[in-house]
Amino acid sequence: MNKNEHETMVGMDRPLPVGSAIELDELDRDGFAQSAAAALRQVSATSGFVLSIEGAWGSGKTSTLAMIQDVLQRESTLPPVIVHFNPWLVGDRDALLRLFLAKIASSARMTEHAKNGQKVARELKAYSKAFDVLKLIPGAEPWASMVKTVVTAVADATGDVSEYKTPDLERQKSKVEEALQKFSRPIIVFIDDMDRLFPLEVFEMVRIVKAIGDLPNVGYVLAWDPGYITRALETASVPQSHTYLDKIVQVRMPLPGLSLHARETLINRSLKNLSPDATKTHFPHDEDRLSLLYFSGLRDLLEQPRDFTRVFNTVAVIEPALRGEVVFSDIVGLATLMVKAPTVFELLRKQPRWFVGRLPSENGWPDKNEDIVKEGQSDRSAAYAACSLPNAVRRLVHHLFPLTAIDEDEFALSQIRDVEGHLAAPTRLLVALQLSVSPSDVSLVQARLYLLYPDRRERIEQSLTVRNCLEFLEQLGDVARAIGGKDIADLDCLCLDIARLVDRAPFPERSESRSFFGMPAERLAIRTIEVIVKAVDQGRADGIAPLIIKDGRSLTTATRLMVLSYLAEDFSDEDRFIAAAREEKEELIAAFAANAVAASARGQLLATGNPGLILWNLSRLAPEACPQVFEALRETDPSLDEFALQILKHSFDSNNGQAYRPPVEDAVLEAYCPLNSLREQARSRLADASLGYPGRAAWQSLVEGRALYGKDGSSATR
């Protein structure tokens, strides 16, 4: 995703450089800062002028304070003295007053008007001593001891506090006011993070501003979340807490919400601050999907600047593990749910099927996806309601998981495509929730690498497991269809590599653990090859099928192609990929037979992906080669148990497993060995008490001429 694509997504015409700070007007708050500064110009005329900047946590209050300070310091006349006081950093409730006074006095002293500044500090000293007599904050340490710390730290005047008499409070305050009125520059105290204080600390800080800070030429800018401050005052048992702030603050200024332009700016900056690899295109339609996400709830959920930071920090953490496995836009959507809708994310984590329907492990279940998603409707509604912006969360969920939109009577715009990395595809969701590709998952990254990079194929093949090998084979075709064939440079070699997969570990083991709903690996391989050839060059199909049939390492796939080409009277549309040239038939049969004999001699035929398929169809295509194969197999295994298990395979039942029965046509077995001799071998093996199932069931079926289940030798009747 390049720079222009980012700009198109959010409608930007002036993106920020990577890592730069947002200019004041980029967040549309320059006018707000100007208004606040104008209000603060009343400081010299109004004692203890207080202005509050109000907004929710993360709404940008701190950055807005910096904007206001910038405006004030650009004034042509003498700018005010700015004092920054953050009570949250103090940490000690009793130190609030001490450090508050120290900050003001220290800032006054450090101006170029040193004499007047020292005068202010001396009078603050005397004014503070008066609080030793009149204690305004019950439970706090004596005010005089606090003031001694201030005087020692900031005043140049010599002499001990004992030099000062203890006049009445009003008289001392008058002296402070007189000193401040002679101070030529207003003092503005910025107090941030008040909404991080404990309730009693909030009350004390407000009392300090009102009781002690009500002085001429001194003003205050308080940044807080008004809702939290009101609740804190209620906790501190302040009467009429909902109106208390109005008595303290002269001007209350709620922060304006982020405009659409500001949100576009922030998301553009957030995208640019990610790793460049994060936004590279891995799937078709990446950019379009990101744009749809923005207008499907994301824009509304990112309310405050801090929301952008939190969401895209989360993206930066989880994206590398999901890169190329889940489309980038859906990674952003998932991160948004984690940050802004934790109740929905927790439900998604615990009950993913309520969002996507059947999971991969449930593919054999009779339940319909629609019924499964409907089960979770009430729980999803409750999870939405627990969020601060339930409607926006609902729209985001509907975009990411179209089945939920349909279930909740909303229009589902998106289609579900596993190969395009959609979270709504159950396989992709499980990868996303565990933030990795497990042994049972199929990696889309690996599938793409296998198709495009020949030097990566052997390592990828070695990483396949019994649990995901067939799914990987199927995914190769889907990925090839999605990416097109323009980047596949070695079509012949790729097709041979795929055909050979069927006879390599772990495919034979997976074939032995077949399920009722499983498709044989050789059929999947041929379908995948057909898709790839069509994507690259359909005109080369006629030459690739013979190439596979002649290949000695693709015996199972070659057998299937021979059956489709020369034995099957008709075949389905998915089996169009055949060796079409009839004049090649004898040559291909001879090559196929020679490969079967060679595999038997090496002891490899019975270790292929589907030995039974090879044995059955060799007897039909090249019966003259069967005795050689039989002798080679008997030399390797005199018992012939494995030969019997393969050639006598019959039906498969999901409950009882594999059944065995002799072929209806005796010619299949007769091609290898006289039938009487084979039955004699069967009786010999059955007399061996050590022979267990399923071998015993296979030989017994030959003797009795009926179908038996391999698990216990029971009759396989339906």
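Quick note: residue numbers are just sequence positions, from 1.
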Can you measure from [atom1] ([X]) to [atom2] ([Y]) and round to the nearest 0.5 angstrom?
X	Y	atom1	atom2	answer
L301	Y294	CG	OH	12.0 Å
E201	E204	CD	CD	7.0 Å
L423	F355	CG	CZ	11.5 Å
S329	H399	OG	NE2	5.5 Å
L266	L302	CG	CG	9.0 Å
D379	Q377	CG	CD	10.0 Å

Are any non-hydrogen side-chain atoms of [X] and [Y] less than 4.5 angstrom apart?
X	Y	result
F312	L271	yes
L348	L429	yes
E303	L389	yes
L298	I267	yes
I68	L40	yes
L337	L400	yes
L435	L322	yes
T314	T336	no

Give a yes or no on whether a salt bridge exists between [X] and [Y], defined as a side-chain N under 4.0 angstrom from a carboxylate O.
X	Y	value
D246	R252	yes
E410	R394	no
R289	D330	yes
E346	R349	yes

Closest non-hydrogen atom pair, [X] against [Y]:
X	Y	value
Y384	P390	O-CB, 3.1 Å
A424	F401	CA-CD2, 3.9 Å
T343	A383	OG1-O, 2.8 Å
P352	L433	CB-CD1, 4.1 Å
R428	H422	CB-O, 3.1 Å
A223	L65	CB-CD1, 3.9 Å

May I ask you to decide if [Y]'s main-chain N or O and [X]'s side chain share a donor-acceptor pair within less than 3.5 Å?
X	Y	result
R380	V373	yes
S291	E287	no
K340	D307	no
N313	T309	yes
Y228	M194	no
S52	E54	no

*Test side chain to side chain contact (heavy atoms under 4.5 Å, CB included) on V315 and F328 and set out the steps.*
CA-CA 9 Å; V315 171; F328 176 73; 4.0 Å; yes
*Verdict with supporting geometry, V206 and L222, side chain to side chain contact (heavy atoms under 4.5 Å, CB included)*: CA-CA 10 Å; V206 172; L222 310 178; 5.8 Å; no
_Please enumerate all residues that pass side chain to side chain contact (heavy atoms under 4.5 Å, CB included) together with R306, with sequence neighbours excluded._
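For R306 the side chain to side chain contact (heavy atoms under 4.5 Å, CB included) partners, ignoring immediate neighbours, are W57, R196, R310.
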*Does the pair V249 and Y220 meet the rule for a side chain to side chain contact (heavy atoms under 4.5 Å, CB included), with working shown?*
CA-CA 9 Å; V249 182; Y220 300 88; over 6 Å; no
_Candidate pair F345 and V339, rule side chain to side chain contact (heavy atoms under 4.5 Å, CB included), full reasoning_ = CA-CA 9 Å; F345 176 75; V339 172; over 6 Å; no
